[in-house]
Amino acid sequence: MGTDGFLFVQDEKLRWLICTIYLLVCAIQDIRRRKIGIPLSACAGCAALLLNAVSVITGRSSMPFCLGGLMPGALLLVLAFVSRGALGSGDGICFLVLGAFLGAPVTWILLLCALLCAALFGAVLLALHQAGRKTRIPFLPFTAVSWAGIMAVRLSGINW
């Protein structure tokens, strides 16, 4: 593997490390306060912009890859607006930042896995009569669990 391959691997590991730390902090904030910190998201977003700029300039990544990852977060923000806050805008902001780091394929997989985890948890709560139709549960902890699963698959050597 040449130097360029080494830099790409290091770039990917850095992205995944930043995403892990960012998502864990956001999940804890979502559980405790039902809000995520805007300064934290702004700093992480700036780091993503910087990494993406370096990747595009050096030719290791393309602009559509970088921009495509923003779509899941944009969708969540639109849904938050349309639902008048039933879906939190913090989830959309978090997915915007994650999408900027990870690109479209991984971000869509993460969103779908997190939705599946949250739906299963909600079904269990409903079955146990612990929640009603209007019960609100934080979404980012399910995203963190899904992220751990994606990382476990990735670290096991399975590549998609």
Side-chain angles (χ1 to χ4, degrees), residues 8 10-56 60-125 131 133-155 159-160:
F8 181 75
Q10 296 302 325
D11 181 50
E12 182 183 36
K13 287 180 181 178
L14 178 62
R15 287 173 184 271
W16 286 56
L17 177 65
I18 293 170
C19 285
T20 301
I21 294 168
Y22 173 71
L23 188 53
L24 286 175
V25 171
C26 286
I28 291 168
Q29 289 177 344
D30 197 18
I31 291 170
R32 288 186 177 172
R33 299 183 301 162
R34 306 272 187 184
K35 294 181 181 183
I36 65 168
I38 297 299
L40 172 67
S41 295
C43 289
C46 288
L49 286 174
L50 180 65
L51 278 172
N52 287 334
V54 169
S55 292
V56 169
R60 290 182 302 210
S61 183
S62 66
M63 189 59 73
F65 174 81
C66 297
L67 295 177
L70 301 177
M71 294 306 296
L75 174 68
L76 289 175
L77 284 174
V78 168
L79 290 175
F81 178 75
V82 169
S83 69
R84 295 189 179 122
L87 181 84
S89 59
D91 302 330
I93 292 169
C94 183
F95 267 89
L96 277 175
V97 172
L98 292 172
F101 276 111
L102 302 172
V106 177
T107 308
W108 280 111
I109 291 169
L110 178 61
L111 177 60
L112 292 175
C113 290
L115 287 170
L116 179 64
C117 287
L120 290 174
F121 184 76
V124 169
L125 286 180
R133 192 173 69 86
K134 298 279 185 173
T135 302
R136 294 179 60 131
I137 55 175
F139 182 65
L140 292 180
F142 299 105
T143 306
V145 168
S146 299
W147 178 246
I150 288 172
M151 286 187 52
V153 168
R154 179 73 175 171
L155 292 174
N159 196 359
W160 51 73

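For the single chain, residues carry numbers from 1 onward in sequence order.
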When rounded to the nearest 0.5 angstrom, what is the spacing between SG in C19 and CG in L14?
9.5 Å

Distance from L110 atom CG to L115 atom CG, nearest 0.5 Å?
9.5 Å

Review item, side-chain donor-acceptor pairs of residues 73-102, under 3.5 Å, at least two apart:
{"unit_1": "S83", "atom_1": "OG", "unit_2": "L79", "atom_2": "O", "d": "2.8"}
{"unit_1": "S83", "atom_1": "OG", "unit_2": "A80", "atom_2": "O", "d": "3.4"}
{"unit_1": "S83", "atom_1": "OG", "unit_2": "A86", "atom_2": "N", "d": "3.3"}
{"unit_1": "S83", "atom_1": "OG", "unit_2": "L87", "atom_2": "N", "d": "3.2"}

To the nearest 0.5 Å, what is the distance between OH (Y22) and CD1 (I36)?
4.0 Å

Taking side chain as C-beta onward, heavy atoms only, is F142 less than 4.5 Å from C113?
no

Short question: side chain of D30, backbone of F139 - any donor-acceptor pair under 3.5 Å?
yes

Does a side-chain heavy-atom distance below 4.5 Å link L17 with K13?
no

Scanning both residues in full, the closest heavy-atom pair of T20 with M151 reads OG1-SD, 3.2 Å

Pairwise distance CG(L23) to CD1(I18) - rounded to 0.5 angstrom
13.5 Å

Contact summary for R136 and R34, nearest pair of heavy atoms
O-NH1, 3.6 Å

Rounded to the nearest 0.5 Å, the CE atom of M71 sits from the OG1 atom of T107 at a distance of 11.5 Å

Spacing of SG belonging to C43 relative to CD1 belonging to I38, to within rounding of 0.5 Å:
11.5 Å

Just wondering, do V106 and W147 contact through their side chains at under 4.5 Å, heavy atoms?
yes

Within residues 67-78 or reaching into it, pairs that qualify as side-chain hydrogen bond (donor to acceptor under 3.5 Å, both in side chains) - sequence neighbours excluded:
none

Heavy-atom pair with the smallest gap, counting every atom of A27 and A144
CB-CB, 4.1 Å

